[in-house]
Amino acid sequence: MPPRRLTAHLRTAGLGAIADLGFVGLDDSGPDADPAVITGYKAARNRSLTWGRKLSNKAPAAVRAPVEHGFAHLKNWRVLGKVRTDPRWATALVRALLVLTSRELAR
C-alpha cells in the first residue's frame, strides 16, 4: 500500500500512528487537520534541535519504547519464524509468548 493511501485510510478510520524519524513528512495534512502519523523532529546537519523540540521528541519515543522492547524479546522465540497458520491463531500464540516473556523478565 502506498504511503499516501495509508494516511488516507488512517484518517477515514479515525486512527493515528506513532512512527520513528524515518516517517517524517509522510503525513502531508494541513496545519488545521489532526495528524494521522505523529513523528519527532529531525536535526539538520548544520543546526541542532532546540530544547523544546528535543523535549517533544521524548513523548513519541516513550510510547514506542515498550513496543520495540516487546518485539525485540519476541525475536528470541525461534518458533515464530516457522509459523505457517491462520493469523488469528498466530496472534494468540504471539500474545501467549509475550506474556511468558514478560513474566520471565519480571523475575
Side-chain angles (χ1 to χ4, degrees):
M1 174 180 306
R4 301 293 178 218
R5 286 189 26 208
L6 175 67
T7 57
H9 285 298
L10 285 171
R11 271 203 186 75
T12 57
L15 298 174
I18 297 176
D20 62 7
L21 293 179
F23 294 94
V24 169
L26 175 68
D27 192 4
D28 57 353
S29 62
D32 296 334
D34 289 335
V37 179
I38 298 172
T39 59
Y41 294 98
K42 281 186 178 179
R45 272 183 209 220
N46 56 355
R47 185 173 23 101
S48 62
L49 292 177
T50 64
W51 178 80
R53 288 190 173 198
K54 284 182 185 178
L55 187 63
S56 66
N57 276 353
K58 289 184 180 187
V63 173
R64 285 183 44 247
V67 176
E68 298 289 340
H69 289 192
F71 283 131
H73 290 297
L74 283 174
K75 288 179 183 178
N76 293 330
W77 293 91
R78 292 183 184 188
V79 70
L80 291 177
K82 300 175 184 177
V83 173
R84 306 284 186 264
T85 186
D86 182 28
R88 286 176 289 195
W89 188 85
T91 302
L93 174 66
V94 169
R95 285 182 179 165
L97 292 175
L98 191 55
V99 168
L100 290 173
T101 302
S102 65
R103 289 190 57 101
E104 182 69 25
L105 293 174
R107 282 209 261 156

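For the numbers below, each heavy atom of this structure counts, side chains included, while hydrogens, waters and symmetry mates do not. Since we're looking at a predicted model, the values are computed, not measured.
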Minimum-distance pair of heavy atoms, taken over all atoms of Ile18 and Pro60: CG2-CB, 3.8 Å

Shared hydrophobic cluster for Leu55 and Leu21 (ILVMFWY, side-chain gaps under 4.5 Å): no

From OG1 (Thr7) to CG (Leu15), nearest 0.5 Å: 12.5 Å

Which atom of Ala19 lies closest to which atom of Val37, heavy atoms considered: CB-CG1, 3.9 Å

Over all atoms of both residues, closest heavy-atom pair of Lys42 and Leu49: O-CD2, 3.5 Å

Ala43 versus Ser48, closest heavy-atom pair with distance: CB-CA, 4.3 Å

Approximate separation, where rounding is to 0.5 Å, of Asp20 CG and Asn57 CG: 11.5 Å

Contacts of Arg53 that satisfy side chain to side chain donor-acceptor pair (under 3.5 Å) - sequence neighbours left out: none

Same apolar cluster (I L V M F W Y, side chains within < 4.5 Å links), Tyr41/Ile38: no

Phe23-Leu10 co-clustered via ILVMFWY side chain contacts under 4.5 Å: yes

